[in-house]
Asks: 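Dropping a structure here in structure tokens format, bear with me for questions.
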Amino acid sequence: MKRKFAMLGIALLSLFLACSQAPVDENKEIIPDGEFNHWDGELPRGWKKNIWSDGYPAARIAQGSGKTPVNDIIENKYVILDNPVDADNKLVYTAPVRPNSLYRLSVIVKIMETPVGGRGASLSVLDTVENFPDLKSTNDSWQKIELYGRTGPRQTTLDVAVRLGGYGAVTKGKAAFDNFSLRALNAAPSGVRLWNFYSEEENFNDAPRAEESKINKTRDQVSTQPVWGTILFSAIFLLIFGASYFFLFKNKKLGHDIDKKKLLIMVLIVLLAALGIRVVMGYTIEGQSGDLSCFKGWGDHAYSTPWPDYYGYWSAYQEKAQANGDYWCDYPPVYVMILTLLSALRHLFGFSHGSAGYTLLIKMPNIISDVVITYLIFSFAKGKFKHGPLALGLALLYALNPAIIINSAIWGQADAIYTMLALLIVHFMSRDKYWLSGLILGIAILIKIQTAFVAFALLYSLIAKKDLKTWLLTVAAGVGIFVLATLPFAVKLPPEWIIIQLIGTLTGYPYASVNAYNFFAILGGNWKATGSSFTIPFSELNALFISLAALAGFYGWAILINLKKGIKTALKAANSRLKVLAVIWGSFFVFFAIGSRALRASLATSLGFNLPYLSWDWIGVLLGTLLLGYSILIFVKGKEFSKNYFISLLLITGIFMVIPGMHERYLYAAILFSLMTYIYTEDRRFMVLFLASSFSVLLNVYHVYDIFHIADKLGNFPDYPLQWNQPLMFFNGIFNSLMFAYMIWTGYDYYIKGNRVPFLGIQTRLAEENRGSEISSVKTNSPGASLQGKAKALKLKDEKDDIIMDTDALDNLDPSKDKK
């Protein structure tokens, strides 16, 4: 009997395997109406739109009719994607597919108006790193394009689209599409390239995605994941900052240092806590799927492709496209090396492409960089203050900073890596090891070109040093490691490819702002093409900014016309007019905030507030030049080495605020460099900047992450101009502008005027130590001690409680001054 059951089981298993491997019907069409003959309102039945449009009239999807290759006898319907302005216009269909199966996707296209800029008409598979060859001309006829690919091991749906434009490559133009087809295949034709149709969301945690789960989810349901974690760590961060402020900085007596063994244990606990928190969050929170899918795809491609063939698309890079199906990656070679290693570890541990384990692996270099930075902060602060608890408190402010955590452990970006290297570059400059700074800079730029902000401090210092040997060693170290690191990828490429690659990374998003809540975002420049005309927006949202700008302008003019009489007199004269200025400000605010839209629009048109000869990029050039000039002034006038930390901080923030093309994360390094500037100046205004930059980065990055997270879960992006035009953007932009102005003033007051505003606790301890040594030098118990010496000692002792500041003590603690 058992034998019969065993044979029956084997027969059933064989039948199951035979059925599972049964060939598919290649004649069966998966798309029910690929000819677009049936429409529900403005869209073909079963399809949905996904449009990013830069301005008005917005891009649209329309119905066309006429003779096509589908039916050249009678007129039939087709789809028209019309982009009167720069846009990424997509018509999307979510098709059911089988896991780990082959498919052919095809459509016929006719270009009606030649696409200008960006990508032309194309087929697209959403949620993948692939973007397929585009057409910008069909010679006034219909042309067929097709592609072949394989679904993921657990994939059950596929988002396919006809498209005009691309992500970061918007275009103007018009194109028609018809005869859209998706068919399963038993085998791919010989000679065709197979693409991965893997969808990051479908494969994440090896779980299939149900289409109805996307449709039924609301905004509140999908946005709760990152909210509570952010609130929790924001609360923890504020508690730690408050404790540090009141118990360390504001105390007149900081307390005694602790022995090395206890301090070592405390440091290890802090580092392990920082690591553990990030690992848990990195594993449980999927992160920003767009960036992570790119990193995973690039890593897997680098693992399976020889490095000399990795950047094979270079000849078409200037058009930012993968011509002829070549692979596209806009990150430099050293980061590709890191991704190659991570992909190798994925294969070693057996993680699938979309697993949480692979996601954590991608985040680990950033997480480890956070922990290393935490230790470096402690080490540098301990060497400066000679006080373990204070140094540990400063390290904790960074380790548990929610703005730092969300960037590396949640989002999964690589900003922590280049920020760590930038810190080491400035640190080794303080030790006169310029060659080592150059070496690290050469590596860091090949991880992220944004590290160039610290290159200015290095360049200024080398010029001031006037030492040919140091120059040669630094340049040789930087250029040498740069060439060695690019060589494995450059064997088959022309010498200039890496320069084009780096420039392309910087200019890959030609917009005034790319979700960076900066000066441009306040003025309506978010996702506005850099070459477009600058327009002053007349909206309720910007009414406050315009009115405050008017108030500041009148106040500045009142100071300027009285400046010859002295700054105090000029300020007094301006303050005497505050009542009049307040009335002017109130009038502006009421007019722009409450006045009718029609009146404001008419005023804008009649007065020519649209400035056609002043574009966003030219504003960036002007403001960037002023920023660079100010950084040189700080370097020339500043006498302390800490000016190199401040110059780096100034350029990070300034580039974020006034240079086009900035992302929401590009203010990230300001958090660390404001803290480092405080450590080496002990001026509490830089601690204010640390708290302000932490708040700003958290607000900006979290808001953008939340928007992408919601859109990803809902499976559709709302129209971008509405999506990003929110009060939070405006508030954060104003906050950043005020913070930047405060930074400029603080740098001027500290490095040029020589004024210091220290914390009470630190200033008292330093002064006491300095005075204490002086007391010891004159105080004696010997019978021959002079009465004058004893009197001086008693006088100094009485003055201890009234000490405000001892600037010599601060200068003596600057490590760079010992060398000079």
Side-chain angles (χ1 to χ4, degrees), residues 51-56 58 86 167-168 170 219 223 226-227 230-231 234 288 290 402-403 406-407 410-411 413 509-530 532 534-549 589 592-593 597 600 616 619-620 623 652-668 670-671 692-712 717-741:
I51 302 175
W52 187 94
S53 185
D54 184 15
Y56 298 93
D86 285 331
Y167 179 71
V170 293
R219 187 189 196 284
S223 63
V227 170
T230 303
I231 292 174
S234 298
Q288 213 283 342
I406 194 173
N407 189 285
I410 296 178
W411 187 299
Q413 257 294 342
Y509 293 92
Y511 306 102
S513 171
V514 188
N515 307 329
Y517 298 166
N518 54 15
F519 179 70
F520 291 152
I522 296 172
L523 297 176
N526 198 42
W527 287 97
K528 294 292 184 182
T530 54
S532 61
F534 170 70
T535 303
I536 298 179
F538 282 76
S539 65
E540 291 83 350
L541 187 64
N542 293 319
L544 180 62
F545 172 76
I546 296 172
S547 56
L548 285 176
F589 181 76
F592 288 115
R597 284 178 179 268
R600 289 200 311 274
W616 298 101
I619 295 175
L623 296 179
I652 295 163
T653 310
I655 290 170
F656 175 85
M657 290 299 299
V658 303
I659 300 299
M662 294 296 105
H663 286 270
E664 65 288 323
R665 306 176 319 278
Y666 287 1
L667 191 61
Y668 174 88
I671 300 174
S693 59
S694 299
F695 173 76
S696 171
V697 171
L698 176 64
L699 201 63
N700 198 163
V701 173
Y702 170 72
H703 186 225
V704 175
Y705 171 81
D706 191 43
I707 288 174
F708 275 113
H709 175 78
I710 293 163
D712 192 35
F717 282 88
D719 290 342
Y720 275 75
L722 298 177
Q723 182 70 25
W724 300 111
N725 186 18
Q726 299 190 20
L728 184 60
M729 176 195 294
F730 179 73
F731 166 78
N732 204 355
I734 292 292
F735 180 86
N736 287 337
S737 300
L738 294 174
M739 179 182 71
F740 186 42

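One-based numbering along the sequence shown.
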Asks: Please name all residues satisfying ring-ring contact (aromatic ring centres under 6.0 Å, His included) with Phe740, sequence neighbours left out, ordered by chain then number.
Replies: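 Phe740 satisfies ring-ring contact (aromatic ring centres under 6.0 Å, His included) with no other residue.
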Asks: Identify the two heavy atoms, one from His663 and one from Ala516, that lie closest to each other, and give their separation to 0.1 Å.
Replies: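 Heavy atoms only, the tightest pair is O-CB, 3.4 Å.
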Asks: Picking from Val697, Asn515, Asn407, Asn700, what satisfies side-chain contact (heavy atoms from CB on, under 4.5 Å) with Arg665?
Replies: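 Per the side-chain contact (heavy atoms from CB on, under 4.5 Å) rule, the option paired with Arg665 is Asn407, out of Val697, Asn515, Asn407, Asn700.
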Asks: List the residues meeting side chain to side chain donor-acceptor pair (under 3.5 Å) with Glu664, not counting sequence neighbours, and say none if there are none.
Replies: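 With sequence neighbours excluded, Glu664 shows a side chain to side chain donor-acceptor pair (under 3.5 Å) to no residue whatsoever.
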Asks: So which heavy atom on Phe520 is nearest to which on Ser513, and how close?
Replies: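 Where Phe520 meets Ser513 most closely, the heavy atoms are CB-CB, 4.4 Å.
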Asks: Return the set of residues passing side-chain contact (heavy atoms from CB on, under 4.5 Å) with Ile659 (not counting sequence neighbours), or none when no residue passes.
Replies: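 Counting only residues at least two positions away or on another chain, Ile659 forms a side-chain contact (heavy atoms from CB on, under 4.5 Å) with Ile655, Met662.
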Asks: Please name all residues satisfying ring-ring contact (aromatic ring centres under 6.0 Å, His included) with Tyr668, sequence neighbours left out, ordered by chain then number.
Replies: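 Applying ring-ring contact (aromatic ring centres under 6.0 Å, His included) to Tyr668 gives none.
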Asks: Can Phe519 and Leu623 be said to form a side chain to side chain contact (heavy atoms under 4.5 Å, CB included), step by step?
Replies: CA-CA 11 Å; Phe519 179 70; Leu623 296 179; 4.2 Å; yes
Asks: What residues, two or more places apart in sequence or in another chain, satisfy side-chain contact (heavy atoms from CB on, under 4.5 Å) together with Ala670?
Replies: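 Ala670 satisfies side-chain contact (heavy atoms from CB on, under 4.5 Å) with Leu649, Ile652, Thr653, Leu667, Ser693 once adjacent residues are dropped.
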Asks: Rounded to the nearest 0.5 Å, what separation is found between the CZ atom of Phe731 and the CG atom of Leu699?
Replies: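 Rounded to the nearest 0.5 Å, the CZ-CG separation comes out at 6.5 Å.
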Asks: Rounded to the nearest 0.5 Å, what separates atom OH in Tyr517 from atom CD1 in Ile734?
Replies: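 Reported value, rounded in 0.5 Å steps: 14.5 Å.
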Asks: Specify whether Trp411 and Tyr705 have parallel, tilted or perpendicular ring planes, treating 30° as the upper limit for parallel and 60° as the lower limit for perpendicular.
Replies: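 Tilted, since the angle between the ring planes falls between 30° and 60°.
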Asks: Looking only at heavy atoms, what is the nearest atom pair of Ser694 and Ile671, with distance?
Replies: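 Here Ser694 and Ile671 meet closest at OG-CG2, 3.6 Å.
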Asks: Give the minimum heavy-atom separation between Ile522 and Ser737, together with the two atoms involved.
Replies: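 Scanning both residues, the minimum pair turns out to be CD1-OG, 3.3 Å.
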Asks: For Phe656, is there any backbone N or O sitting under 3.5 Å from a side-chain donor or acceptor partner on Asn518?
Replies: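 Confirmed, Asn518 side chain pairs with Phe656 backbone.
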